[in-house]
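Letters go in sequence order (proteins before strands), and every chain restarts at 1. Atoms considered below: every heavy atom in the structure, side chains included; atoms not considered: hydrogens, waters and symmetry mates.
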Amino acid sequence: MEKALPSKEKPTLVVLIGPTGVGKTEISIRLAQLFHTDIISADSRQLYADLKIGTAAPTEEQLAMVKHYFVGNLKLEDYYSAAQFESEVIALLNTLFEEKKVAIMTGGSMMYIDAVCKGIDDIPNIPDDIRTMIKQRYVDEGLESLCAELKLRDSEYYRQVDLKNPKRVIHALEICYTTGSTYSSLRTRPNKERSFDILKIGLTRPREELYERINQRVDTMMQQGLLDEVRRVYPYRTSNSLNTVGYKELFNYLDGTWTLPFAVEKIKQNSRIYSRKQMTWYKKDDSIRWFHPEKDQKEVVDYISSIIFQKNSI
RNA sequence: GGUGCCUUAGCUCAGGUGGUAGAGCAUCGGACUGAAAAUCCGUGUGUCCUUGGUUCGACUCCAAGAGGCACCA
């Protein structure tokens, strides 16, 4: 039931998670100021410089208050992955923890957070030509053909994958081609040792309250000029960075297939769905301690303090 | 005022010689280790508008009523 007490000498990574729109950004800043530390953003879309409004990235003022990492430093066409995030964050933490006892990581990208907390397998990057080739074969021959090939090349993974999910099947084949080995042999799922303790704080609200905030936030984004932001990035619309709630819907409006009010409704709806998928992911993680972002403000601080104080005073 | 058509799941609609009903979307649930705000999977009990009649049995047929749409006056 009780987790092992944090070791006395290790620094602490406070991981602040919760569904989109719950209010992570504000609290993360307050905590960072309180504990005199920096914020690592774990958000696969706030990484991009040109997606400020639609991703509800921290504002200029907020960025000025606390040092943030991994916000707004990629170009729309840049490739990025959870594995890259893992290694860059670990490297950064090694530096940060030379000076500080605490760091804060916050964001909604569940896989990025798991990559940092649990680690991710070492798998070589896929060369562009292989990626293109398999993608083309998917278009030409269809998923079934790729599944048949996966069965031959990696029968073990074939038995585990969701054969209806093209991304998974394609990725497995990419790895087979790139490494000459099987994907399953590389999926060792190590629980990587970290040189720091992890303290997971979950923020949540009753669903109605969350939905209400999400809907309002979308209206606010529109008032702040989301549509102009979307127009500006339109030329890059096929980039993965723009396969994103808030952008893909408005592309449909700009293309004339949806009306503006319908597109805005869809942004709200897809944001709500996203928040639910995040909650589904978090349900499996019983190391998360849950709080209400407004009602439990004091409790959050007390909880973190008690853990850190305990460590550094014993 | 007359004639015709419509009224079925939150929404748009399908359906049946009379044996209490089904699709898409929404909702909700789930999977998920290199594109993850992605990708994928699962999930449908609702006075079949109301009342009365025929019938062993009506959402289905008949009548009246209510609401909607179209056309004619």
Side-chain angles (χ1 to χ4, degrees), chain A residues 17-22 24 41-48 51 53-57 74 76-88 107-128 130-132 134-135 138 143 147 157 160-175 178-179 183-192 207-208 211 214 217-218 221 226 236 238-251 258 262 265-285:
Chain A
I17 55 189
T20 190
V22 79
K24 296 186 290 294
S41 165
D43 187 304
S44 70
R45 294 302 189 269
Q46 288 180 13
L47 288 164
Y48 295 92
L51 306 181
I53 299 174
T55 63
L74 292 186
L76 293 170
E77 61 272 36
D78 287 343
Y79 173 83
Y80 204 71
S81 70
Q84 268 168 275
F85 185 73
E86 178 199 10
S87 58
E88 288 174 23
S109 299
M110 297 85 77
M111 196 165 84
Y112 281 30
I113 285 168
D114 278 1
V116 170
C117 295
K118 300 181 190 162
I120 204 168
D121 285 321
D122 284 323
I123 289 171
N125 285 325
I126 311 297
D128 283 344
I130 290 183
R131 175 153 282 182
T132 314
I134 297 189
K135 200 181 280 179
Y138 171 60
L143 184 58
C147 286
Y157 188 64
Q160 302 165 12
V161 239
D162 177 356
L163 291 168
K164 290 180 178 172
N165 190 328
K167 286 205 176 190
R168 302 274 155 73
V169 174
I170 288 171
H171 184 233
L173 275 181
E174 284 173 346
I175 289 163
T178 304
T179 64
Y183 183 28
S184 45
S185 68
L186 297 168
R187 290 177 101 230
T188 56
R189 299 175 155 272
N191 236 324
K192 292 185 187 169
R207 185 165 287 187
E208 276 197 19
Y211 280 8
I214 288 172
R217 191 172 72 166
V218 173
M221 286 176 181
L226 213 215
Y236 298 94
T238 54
S239 300
N240 180 252
S241 57
L242 288 169
N243 187 181
T244 300
V245 174
Y247 297 85
K248 52 185 178 184
E249 295 86 355
L250 288 174
F251 289 149
W258 287 358
F262 184 78
E265 260 328 290
K266 277 293 178 188
I267 294 174
K268 291 177 182 175
Q269 183 185 83
N270 287 332
S271 300
R272 280 182 249 126
I273 290 174
Y274 175 50
S275 74
R276 255 188 281 129
K277 285 197 290 193
Q278 289 172 308
M279 290 308 293
T280 299
W281 186 288
Y282 300 139
K283 275 178 203 164
K284 288 182 296 192
D285 190 343

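- Using atom P as the reference point in both B:rG2 and B:rC59, the two lie 29 Å apart (nearest Å).
- With both ends at atom C1', the span from B:rC5 to B:rC13 equals 16 Å, rounded to whole Å.
- Under the salt bridge (charged side-chain N to carboxylate O under 4.0 Å, His left out) criterion, A:Lys167 pairs with no residue at all, not counting sequence neighbours.
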Show your reasoning for whether side chain to side chain contact (heavy atoms under 4.5 Å, CB included) applies to A:Arg276 and A:Tyr211. CA-CA 10 Å; A:Arg276 255 188 281 129; A:Tyr211 280 8; 2.8 Å; yes
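- Only the C1' atoms considered, B:rA63 is 16 Å distant from B:rU55, to the nearest whole Å.
- Taking the O4'-C1'-N9-C4 or O4'-C1'-N1-C2 dihedral as appropriate, B:rG34 has a value within 90° of 0 and is therefore syn.
- A:Arg131 meets the salt bridge (charged side-chain N to carboxylate O under 4.0 Å, His left out) test with A:Glu174; sequence neighbours excluded.
- Backbone-only contact: A:Ile273 has heavy atoms under 4.0 Å from sugar-phosphate atoms and none from a base.
- The OH atom of A:Tyr211 sits 11 Å away from the C1' atom of B:rA26 (whole-angstrom rounding).
- As a whole-Å value, the separation of A:Arg276 CZ from B:rG29 C1' is 9 Å.
- Taking atom CE of residue A:Met279 and atom P of nucleotide B:rC28, one finds them 13 Å apart after rounding to whole Å.
- Remark: A:Asp285 pairs with A:Lys200 by the salt bridge (charged side-chain N to carboxylate O under 4.0 Å, His left out) rule, at least two apart or across chains.
- Rounded to a whole angstrom, the distance from the P atom of B:rU12 to that of B:rG34 is 42 Å.
- When the C1' atom of B:rA26 is taken as reference, atom NZ of A:Lys268 falls 16 Å away, rounded to whole Å.
- Using bins of under 30°, 30° to 60° and over 60° for the plane-to-plane angle, the ring pair A:Tyr247/A:Phe251 lands in the tilted bin.
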Dot-bracket assigned to RNA chain B with the 3.5 Å Watson-Crick/G-U criterion, [ ] for crossing and | for other-strand pairs, is (((((((..((((.....[..))))..((((.......))))......(((((..]....)))))))))))).
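- In the model, A:Arg45 has a side-chain atom that pairs as donor or acceptor with a side-chain atom of A:Thr244 under 3.5 Å.
- To the nearest whole angstrom, the two P atoms, one in B:rG10 and one in B:rC48, are 12 Å apart.
- Taking the six-membered ring where tryptophan is involved, the planes of A:Tyr183 and A:His171 are perpendicular, since the angle between them exceeds 60° and thus also 30°.
- Judged by a 6.0 Å distance limit and a 45° cone about the ring axis, A:Lys283 is not positioned over the six-membered ring of A:Trp281.
- Nucleotides B:rA14 and B:rG46 have their C1' atoms positioned 15 Å apart, rounded to a whole Å.
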Whether each nucleotide of nucleotides 33-40 of chain B has a protein heavy atom under 4.0 Å at its base (B), only at its sugar-phosphate (S) or at neither (-) is summarised, 5' to 3', as BBBBBBBS
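- For residues 107-116 of chain A, the salt bridge (charged side-chain N to carboxylate O under 4.0 Å, His left out) pairs, not counting sequence neighbours, are A:Asp114-A:Lys118.
- B:rU43 and B:rG30 are spaced 15 Å apart, taking the P atom of each and rounding to whole Å.
- Taking atom P on both B:rU8 and B:rA38, the two are 34 Å apart, rounded to the nearest angstrom.
- Following rounding to the nearest Å, A:Tyr282 (OH) and B:rA31 (C1') show an atom-to-atom distance of 16 Å.
- A cation-pi arrangement is not found for A:Arg272 relative to A:Tyr274, the charged atom failing to lie both closer than 6.0 Å to the ring centre and inside a 45° cone about the ring normal.
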